[in-house]
Amino acid sequence: MAVSTVYTAQSLNSTCSISTRSKSHLGFHQNQVIFYTKLRSTNRRSSSTSVITCSSADEKTVVIGLAADSGCGKSTFMRRLTSVFGGAAEPPRGGNPDSNTLISDMTTVICLDDYHSLDRTGRKEKGVTALDPRANDFDLMYEQVKAIKEGIAVEKPIYNHVSGLLDPPELIKPPKILVIEGLHPMYDERVRDLLDFSIYLDISNEVKFAWKIQRDMAERGHSLESIKASIEARKPDFDAYIDPQKQYADAVIEVLPTQLIPDDNEGKVLRVRMIMKEGVKNFNPVYLFDEGSTISWIPCGRKLTCSYPGIKFTYGPDTYFGNEVSVLEMDGQFDRLDELIYVESHLSNLSTKFYGEVTQQMLKHADFPGSNNGTGFFQTIVGLKIRDLYEQIVASRAAAPVQAAKA
Ligand SMILES: Nc1ncnc2c1ncn2[C@@H]1O[C@H](COP(=O)(O)OP(=O)(O)OP(=O)(O)O)[C@@H](O)[C@H]1O
Ligand SMILES: O=C(CO)[C@H](O)[C@H](O)COP(=O)(O)O
């Protein structure tokens, strides 16, 4: 396999670079560098011209990892997260219509399916699933995430979910925040070490099954048998390669069936736990009433309307894979989203910018799945914590030269 070359150009006060496996030629115009890149892929040949506006060295990209199995709500979470930063996230303009990338003013979300080294036919021939590390190129994933983090644009491959083929690459410029989402953001130690914050969406088998049926039967016309077969076929590799990543996550959102309805098998009412690691740089776990205490709270009554089976919050310290954590749990669902402010006002360390910001975000996306329960609520809170983490990192970088000058 060809090795990537970093082509670098100096313009005005800043440096511009691109990491690519194909030959590039450079041109200049003010603070923009023009890269003429010949693209080559297994399927097609084409050539492209990329214009990159240089960014200065202190604007290094903050990298966030989001891991989960397919169909576990990553896209929904991403929409909540990018909304916290404002502006809509869209696929690259004028690019491949089947691109998996989403770009907004502050964030670029790349899907790690793009690092599948085997296409659909290749996986079938070799008898491996997409979850198997042998079907993924971790060297390239590491090389490219590292390059982006260092402010270098890359030519990232595209896995086309429509055709099942690997399409010609697309240019990814370093954003302020890069989110890498998919099956394996924390699998490879080198990639894991590049993450400034990591999240794992842990959906229990019962709930995963209910969501898959809802989407793949209702929206994609799959049969119940084929959905069951696909979940069963993925299970061994899921257990071996995806699930163990949760031990590395800074925050885990665990989604389980409710305990409020005895023997519930409908999977509609959920018990959601937000497991937050203690001692993570730039991240202070959220707490209910009193930090570090163990608390059980049923807020239903005069201030919060609750129909059966009600809502129950629990909070307290715990250990998770040998790490000290704080766990906030919500079992049940909200009847009226506008009343959520009552719950919000009892939580601390939310990293909101004004009173009621969590409730405002939830109301803004009331139509997203999970808006009436802990999945949407905790995803929104994690989004606000990521904004806070980003702002703290930027502030500490800005302060660094001042500190250095004082020394
Ligand atoms: N919080 C939620 N509550 C209820 N259902 C949900 C929730 N999140 C996701 N779902 C269901 O799961 C489906 C998949 O969600 P989403 O597209 O966000 O997942 P994904 O992980 O990005 O999937 P994929 O990787 O397959 O594209 C949705 O169509 C919806 O039916
Ligand atoms: O687990 C997955 C990640 O979303 C997909 O199944 C994997 O990417 C393979 O894609 P496809 O099913 O389109 O061939």
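Just so you know, these numbers come straight off a predicted model, no measurement behind them. Numbering of ligands and ligand atoms starts at 1, following listing order.
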Q | Contact check, G71 vs ligand 1, heavy-atom distance below 4.0 Å | A | yes
Q | Backbone or side-chain N or O of R234 under 3.5 Å from ligand 2 N or O | A | yes
Just distance, no hydrogens or angles: give the donor-acceptor pairs under 3.5 Å from side chains in residues 156-165, sequence neighbours left out.
| unit_1 | atom_1 | unit_2 | atom_2 | d |
| --- | --- | --- | --- | --- |
| K156 | NZ | D114 | OD2 | 2.6 |
| K156 | NZ | E170 | OE2 | 2.9 |
| Y159 | OH | R123 | NH2 | 3.1 |
| N160 | OD1 | V162 | N | 2.7 |
| N160 | OD1 | S163 | N | 3.0 |
| N160 | ND2 | D98 | OD2 | 3.0 |
| N160 | ND2 | D167 | OD2 | 2.8 |
| H161 | NE2 | D113 | OD2 | 2.8 |
| S163 | OG | L165 | N | 3.2 |

Q. Where's the contact between L183 and ligand 2, heavy-atom distance under 4.0 Å: side chain, backbone, both or neither?
A. side chain
Q | Per-residue contact class, R120 against ligand 2 - non-hydrogen pairs under 4.0 Å | A | side chain
Q | Ligand-side contact atoms (ligand 1) for residue partner T375, heavy atom cut-off under 4.0 Å | A | 1 (N), 2 (C)
Q) In terms of side-chain geometry, is the basic nitrogen of R271 or E329 positioned less than 4.0 Å from the acidic oxygen of its partner? A) yes
**Q.** Within-cutoff protein neighbour (heavy atom, under 4.0 Å) for atom 12 (O) of ligand 2
**A.** no
Q) Under 6.0 Å from the NZ atom of K149, do we count more than 12 heavy atoms belonging to anything else shown? A) yes
Q) Can R190 and D193 be counted as an ion pair, charged N to O under 4.0 angstrom? A) no
(Q) Closer than 4.0 Å to some heavy atom of K74 - which atoms of ligand 1 meet that? (A) 18 (O), 19 (O), 20 (P), 21 (O), 22 (O), 25 (O)
Q. Is there a nitrogen or oxygen of N373 sitting under 3.5 Å from a nitrogen or oxygen of ligand 1?
A. no
Q) Can you find an N/O atom of K74 closer than 3.5 Å to an N/O atom of ligand 2? A) no
Q: Report yes if the side chains of L328 and R273 come closer than 4.5 Å at any heavy-atom pair, otherwise no.
A: no
Q.
When you measure from the heavy atoms of G376 to every atom of ligand 1, does any distance fall below 4.0 Å?
A. no
Q) If we ignore angles and hydrogens, is there a donor and acceptor under 3.5 Å between the side chains of Q361 and T380? A) no
